[in-house]
There are 2 protein chains.
Amino acid sequence: MSVHEKMNFETKQAIKKAFIQQVEEEGFERVTVKKLALTAQINRGTFYLHYSDKYDVMEDLQQELLMELERYVKHVQPVDAFQTMKMGQLYQPFIKVIACIKEHAPAFRMLLGEQESPGFTQKMKIIFGNHILDRLSVLREEVQDPEFQQYLQAFIASAILGVIQEWLDKGNENLTVEEMVALHFRLLRFLGNVVADS
Amino acid sequence: MSVHEKMNFETKQAIKKAFIQQVEEEGFERVTVKKLALTAQINRGTFYLHYSDKYDVMEDLQQELLMELERYVKHVQPVDAFQTMKMGQLYQPFIKVIACIKEHAPAFRMLLGEQESPGFTQKMKIIFGNHILDRLSVLREEVQDPEFQQYLQAFIASAILGVIQEWLDKGNENLTVEEMVALHFRLLRFLGNVVADS
DNA sequence: CCTTCACTGAACACAATGTTGATTTGATAA
DNA sequence: TTATCAAATCAACATTGTGTTCAGTGAAGG
């Protein structure tokens, strides 16, 4: 029984791998089930035993990544992060978030990069926004305004994601995971200084 | 020299309108030339007298919007903006940028929203990044580092765009153009304070 | 009145889709 | 060993969208 499940699993993995490859090469739009079956070296009919269509593959991949990412984002506490960074140290929970993205760099690059998948960026923003900013709201009364909080979440989450996208687009070998974490705080500090001075 | 040099302007407009509508409803992927011709109330063959395929329509729309947007973004000078806002006034050039987006809200919502067009977000970030941050680099030596500047551009441009996306997603009737401009500076100030205090 | 030209309508070959039914493969368990 | 059964194969099918072609229509204006 377990072997049957494993064969099943490997075929699905082959389809996903072929999918990532094809989206990177030609964009989601130009992916066809026919080509997927060809590169995954399976029969076209077999594809339909695993997925209903290419959207189904996309959703499967997104779920997989978002669930794992959320596991790490959960442990980020902005207040602790600021304090840790002020002492010149790297904040471990955030390191794990960036490391998770680096580990799955090809998939994240596909979903966030030039051939981005509609909606995935939004989903990532929501994860970042919900977890990181729920805790920041304790800090200041201004965030109690739900509308302001909503825009603040969009603001911060987009900024962080923008830096990650830039990192992935550049091939993500330019900066190590630790340098990326340091960069985020350097950017925040820089912005804080500019605002304070002007 | 094509037989059909002068073509009806209104037909192209009808195609674009149908295109925006269909992307909003079903996403770019599910747009078909057949359905476009149907909703634009033209013959399917007529479509091909104007555009080569649906990608062609998309590019036309993007060009149109990006060119107009850039006209306004050009005049934004961050140093002036900060000073104007410190005096409790609204910075006019930025108002014009937001007003431009509001004017073409359906199109921008289509290209930036849930069914976002791959690549359009990046193009907007580049416009924001190039124009707004070229001038900020005079302010501080830290920005002289080209790598830091690149990430700073991604950081700020993504943040601004994130707020605009949120605004559009909510139906963009919640806040007026002026309130949006004020919100951006409120967000910046808030972030500056949090960073300074921690 | 007749030309021009954007658009129509119908037909074409082609490609991908999603489904079906009959068949092969290979690991497991009696 | 052999029967079993899930997984994958193969071929065929109707359907839908594509991009192109070409003869024809009707309104504007020279």
Side-chain angles (χ1 to χ4, degrees), chain A residues 1-64 110 115-119, chain B residues 1-64 110 115-119:
Chain A
M1 180 191 274
S2 61
V3 179
H4 287 153
E5 276 173 13
K6 195 180 179 185
M7 289 170 75
N8 193 304
F9 177 76
E10 279 170 4
T11 307
K12 269 196 149 184
Q13 288 307 106
I15 293 173
K16 285 186 216 171
K17 197 183 155 195
F19 181 84
I20 293 174
Q21 189 190 318
Q22 262 180 53
V23 174
E24 277 180 329
E25 283 169 3
E26 316 182 65
F28 176 69
E29 170 77 13
R30 300 208 201 268
V31 171
T32 67
V33 174
K34 198 182 181 184
K35 283 188 284 180
L36 281 181
L38 194 71
T39 44
Q41 301 191 71
I42 56 162
N43 189 275
R44 193 169 65 86
T46 307
F47 175 90
Y48 293 103
L49 297 177
H50 297 273
Y51 295 106
S52 60
D53 49 30
K54 62 173 173 166
Y55 300 95
D56 203 12
V57 185
M58 174 66 96
E59 270 185 30
D60 190 19
L61 264 167
Q62 292 195 5
Q63 276 303 324
E64 216 173 85
M110 172 199 79
Q115 295 296 351
E116 72 201 289
S117 146
Chain B
M1 206 191 287
S2 169
V3 184
H4 305 283
E5 267 179 20
K6 282 185 235 166
M7 296 183 205
N8 197 327
F9 175 75
E10 283 171 8
T11 305
K12 269 199 150 184
Q13 291 306 107
I15 293 173
K16 285 186 216 171
K17 197 183 155 194
F19 180 84
I20 293 174
Q21 189 191 318
Q22 263 181 51
V23 174
E24 276 181 329
E25 283 169 3
E26 317 183 63
F28 176 68
E29 170 75 14
R30 301 210 201 265
V31 171
T32 66
V33 174
K34 198 182 182 185
K35 282 188 285 179
L36 281 181
L38 194 70
T39 43
Q41 300 191 72
I42 56 163
N43 190 275
R44 194 169 65 87
T46 309
F47 174 91
Y48 292 104
L49 297 176
H50 296 273
Y51 295 106
S52 59
D53 50 31
K54 63 172 174 167
Y55 300 94
D56 203 12
V57 185
M58 175 64 99
E59 270 186 28
D60 190 20
L61 264 167
Q62 291 197 4
Q63 276 302 325
E64 216 173 84
M110 172 200 79
Q115 294 297 351
E116 72 202 287
S117 147

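The basis for the numbers below is simple: all heavy atoms, side chains too, and nothing from hydrogens, waters or symmetry mates. The sequence lines fix the lettering, A, B, ..., with proteins before strands; numbering per chain opens at 1.
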- Task: Could you tell me the separation between the CG atom of B/N8 and the P atom of C/dT8, rounded to a whole number of Å?
- Result: 10 Å

- Query: Rounded to the nearest Å, what distance is computed from the NZ atom of residue A/K35 to the C1' atom of nucleotide C/dT17?
  - Reply: 14 Å

- Task: Kindly say whether B/R30 contributes a backbone atom to a donor-acceptor pair with the side chain of B/K35 at under 3.5 angstrom?
- Result: yes

- Message: Does a side-chain N or O of A/N43 approach OP1 or OP2 of D/dA8 to a distance below 4.0 Å, or not?
- Response: no

- Query: OP1 or OP2 of D/dA8 less than 4.0 angstrom from a side-chain nitrogen or oxygen of A/H50, does that happen here?
  - Reply: yes

- Query: For A/T46, which contact category applies under a 4.0 Å heavy-atom criterion: base, sugar-phosphate, or nothing?
  - Reply: base

- Item | Under 4.0 angstrom between A/Y48 side-chain N/O and C/dG18 OP1 or OP2 | yes

- Query: Per the atom types in the model, does the base of D/dG17 pair as donor or acceptor with the side chain of B/R44 at under 3.5 Å?
  - Reply: no

- Task: Find the distance B/Y51:OH to D/dT20:P and express it as a whole number of Å.
- Result: 17 Å

- Separation of D/dG19 atom P from B/D56 atom CG, nearest Å, is 11 Å

- Using atom CD of A/E10 as one end and atom P of C/dT25 as the other, report the distance to the nearest whole Å. 20 Å

- Query: Judged by modelled atom types alone, do A/Q22 and A/T39 share a side-chain donor-acceptor pair under 3.5 Å?
  - Reply: yes

- Residue mapping more 5' on DNA chain C - nearest nucleotide basis, B/I42 or A/V31: B/I42

- Nearest to side-chain heavy atoms of A/V33, which nucleotide of D/dT18, C/dG18, D/dA8: C/dG18

- Tell me, please, whether A/Y51 has A/K12 positioned over its six-membered ring: NZ or CZ under 6.0 Å from the ring centre and within 45 degrees of its axis? yes

- Task: Could you tell me whether the phosphate oxygens of D/dG19, OP1 or OP2, come under 4.0 Å of any side-chain nitrogen or oxygen in B/S52?
- Result: no

- A/K54 side chain vs A/F28 backbone, donor-acceptor pair below 3.5 Å: yes

- Query: For A/L49 and C/dT20, what is the distance between atoms CG and C1' respectively, to the nearest whole Å?
  - Reply: 12 Å

- Query: Going from CD1 on B/I15 to CD1 on B/I20, what distance comes out if it is rounded to the nearest 0.5 angstrom?
  - Reply: 12.5 Å

- Query: B/K54 NZ to D/dT16 P: how many Å, rounded?
  - Reply: 18 Å

- What is the distance, rounded to the nearest whole Å, between atom NZ of A/K12 and atom P of D/dA7? 12 Å

